[in-house]
**Q** 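Quick one: this structure, given as structure tokens, is what I'll be asking you about.
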Amino acid sequence: MPNDSTSAFYRDNATAYANRARNLPKHQLDAFLARLAPGAAILELGCGGGQDSAYMLSQGFDVTPTDGSAELARQAEARLGRPVKVMLFQDLHAESAYDGVWAHASLLHVPRPDLPDVFARIRRALRPGGLLHASFKAGEAEGHDALARYYNYPSPEWLSDLLTKGGWHDFAIAEHDGGGYDGKPTRWLTVSAER
């Protein structure tokens with residue numbers, strides 16, 4: 001977790017957050033999984049309550065769920081019936097270990113100055129040709145939401161520049177309107193990129 005107010009939110013609200021009514025991002029999950037071989041190794045960064053990992057496991061993939069919040073990891077473990085590693089993005093040291101990295105609505109909490117390093121760590125953890133999915137709340141400047149959670153709020157241009165400089169291939173950034181836990185209308189950016 002990047003700062004105290006963000007980690008405090010997830011610590012104090014883990015049960016409610018993990019068990020909230022949430023629509024699975026099924027369209028995005030299916031598009032991501034369709035580009036991977038059956039049974040491919042997937043690292044989920046920021047698994048929250050574990051719903052996305054549960055879906056990927058049900059489709060026969062080898063999923064490693066992680067979260068930066070020990071409290072959320074415990075909630076995900078209860079749902080998944082398997083261990084969930086408590087890990088900050090900056091603690092990712094794997095090399096060529098995964099075919100895909102699923103980071104849905106998680107990297108959006110990484111402070112802007114730290115994002116290049118985190119993207120480099122993810123790229124290193126992927127095998128050649130490995131696939132990244134990440135989503136962000138769009139904006140022009142970093143800040144906090146009404147729940148005191150930090151967001152990096154990138155623009156598509158800012159993200160595109162970051163991915164280009166980071167050596168990512170065949171990346172695409174899609175935009176759509178949606179919502180979030182805070183109930184506010186949200187413009188989302190979804191990144192798909194290859195190592």
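Residues take their numbers from the sequence shown, with the count starting at 1.
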**Q** Nearest 0.5 Å, what's the OG-CD distance between Ser7 and Glu71?
**A**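 Here the rounded value is 9.0 Å.
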
**Q** Measure across Gly46 and Ser106 and return the closest heavy-atom pair with its distance rounded to 0.1 Å.
**A** CA-CB, 3.9 Å

**Q** Answer yes or no: is there a donor N or O on one side and an acceptor on the other, between the side chain of Asp67 and the main chain of Arg74, under 3.5 Å?
**A**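 No: the side chain of Asp67 does not pair with the backbone of Arg74.
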
**Q** Write down the atom of Pro156, the atom of Ile173, and the distance for their closest heavy-atom approach.
**A** O-CD1, 3.6 Å

**Q** Hey, any chance Ile122 and Phe171 share a hydrophobic cluster, counting ILVMFWY side chains that come within less than 4.5 Å of each other, even indirectly?
**A**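 Linked, Ile122 and Phe171 end up in one cluster.
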
**Q** Does a donor on one side chain and an acceptor on the other come within less than 3.5 Å for Glu142 and Tyr150?
**A** yes

**Q** To the nearest 0.5 angstrom, please state how far the CG atom of Leu45 sits from the OG1 atom of Thr66.
**A** 4.5 Å

**Q** Is the shortest heavy-atom distance from the side chain of Trp188 to the side chain of Gln28 under 4.5 Å?
**A** no

**Q** Return the CG to CZ distance between Leu115 and Phe89, rounded to the nearest 0.5 Å.
**A** 9.5 Å

**Q** Output all residues satisfying salt bridge (charged side-chain N to carboxylate O under 4.0 Å, His left out) with Arg22, sequence neighbours left out; order by chain, then residue number.
**A**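 With sequence neighbours excluded, Arg22 shows a salt bridge (charged side-chain N to carboxylate O under 4.0 Å, His left out) to Asp52, given in chain and number order.
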
**Q** Does Ala97 offer a backbone N or O that forms a donor-acceptor pair with the side chain of Arg127 under 3.5 Å?
**A**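 Judged by distance alone, yes, a pair lies under 3.5 Å.
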
**Q** Quick check for you: to the nearest 0.5 Å, what is the distance between Asp170 atom CG and Leu163 atom CG?
**A**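 Separation between the atoms: 12.0 Å.
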
**Q** Once side-chain contact (heavy atoms from CB on, under 4.5 Å) is applied, do any residues pair with Asn13, and if so which ones, sequence neighbours excluded?
**A**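 side-chain contact (heavy atoms from CB on, under 4.5 Å) check on Asn13 returns Phe9.
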
**Q** Tell me every residue that passes side-chain contact (heavy atoms from CB on, under 4.5 Å) with Ala18, counting only those two or more places apart in sequence or in another chain.
**A** Leu72, Gln75

**Q** Just wondering, more than 12 heavy atoms not from Asn23 lying within 6.0 Å of its CG?
**A** no

**Q** Could you work out, with side-chain hydrogen bond (donor to acceptor under 3.5 Å, both in side chains) as the rule, every residue matching Gln51, not counting sequence neighbours?
**A** none

**Q** What residues, two or more places apart in sequence or in another chain, satisfy salt bridge (charged side-chain N to carboxylate O under 4.0 Å, His left out) together with Arg123?
**A**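 Listed in chain order: nothing, the list is empty.
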
**Q** Can you measure from CG (Leu147) to OH (Tyr10) and round to the nearest 0.5 angstrom?
**A**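 Answer rounded to 0.5 Å: 8.5 Å.
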
**Q** Report yes if some heavy atom in the side chain of Val191 is under 4.5 Å from a heavy atom in the side chain of Trp168; otherwise report no.
**A**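 With C-beta onward as the side chain, the pair stays apart.
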
**Q** Using ring centroids (six-membered ring only for Trp), state whether His144 and Tyr151 fall under 6.0 Å.
**A**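 So the answer is no for these two rings.
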
**Q** What pair of heavy atoms forms the shortest contact from Asn152 to Arg112, and how long is it?
**A** O-NE, 2.8 Å

**Q** With hydrophobic residues grouped by side-chain heavy-atom distances under 4.5 Å, do Met87 and Leu108 end up in a single group?
**A**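 Yes.
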
**Q** Any pair with a residue in residues 34-44 that passes side chain to side chain donor-acceptor pair (under 3.5 Å), sequence neighbours left out, goes on the list, sorted by first then second residue, please.
**A** Arg35-Ser192, Arg35-Glu194, Glu44-Ser53

**Q** With sequence neighbours excluded, tell me which residues meet salt bridge (charged side-chain N to carboxylate O under 4.0 Å, His left out) with Asp161.
**A** Lys165

**Q** For Gly49, does its backbone N or O pair with a side-chain atom of Arg79 as donor and acceptor, under 3.5 Å?
**A**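 Yes: the side chain of Arg79 pairs with the backbone of Gly49.
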
**Q** For a quick test of reading the model, state the closest non-hydrogen atom pair linking Asp182 to Lys184 and the distance between them.
**A**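 Nearest pair, atom of Asp182 first, then Lys184: OD1-N, 3.0 Å.
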
**Q** Apply the hydrophobic cluster definition, ILVMFWY joined by side-chain contacts under 4.5 Å directly or through others, and give me every member besides Leu24.
**A** Leu29, Phe32, Leu33, Leu36, Ile42, Tyr55, Met56, Leu57, Phe61, Val63, Leu80, Val84, Trp102, Leu131

**Q** So, using side-chain hydrogen bond (donor to acceptor under 3.5 Å, both in side chains) as the criterion, who are the partners of Gln59 when residues are at least two apart?
**A** none

**Q** Is the shortest heavy-atom distance from the side chain of Leu189 to the side chain of Trp158 under 4.5 Å?
**A** no

**Q** If we only count heavy atoms from C-beta on, is the Thr190 to His176 side-chain gap below 4.5 Å?
**A** yes

**Q** Are there over 12 heavy-atom neighbours, none belonging to His27, within less than 6.0 Å of that residue's NE2?
**A**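 No, because the 6.0 Å sphere around NE2 of His27 holds 12 heavy atoms or fewer from other groups.
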
**Q** Could I get the full list of salt bridge (charged side-chain N to carboxylate O under 4.0 Å, His left out) partners for Glu175, not counting sequence neighbours?
**A** Arg187

**Q** side-chain hydrogen bond (donor to acceptor under 3.5 Å, both in side chains) with Asp145: which residues, sequence neighbours excluded?
**A**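 Listed in chain order: Arg149.
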
**Q** Testing the basics here: between Val86 and Ala73, what is the closest heavy-atom pair and its distance to 0.1 Å?
**A** CG2-CB, 3.7 Å

**Q** Using the test side-chain hydrogen bond (donor to acceptor under 3.5 Å, both in side chains), find all partners of Ser135 that sit at least two apart in sequence or belong to another chain.
**A** His104

**Q** Between atom CZ of Arg195 and atom CG of Asp99, what is the distance when rounded to the nearest 0.5 Å?
**A** 11.5 Å

**Q** Do you know the tightest heavy-atom contact between Phe136 and Pro154?
**A** CB-CG, 3.8 Å

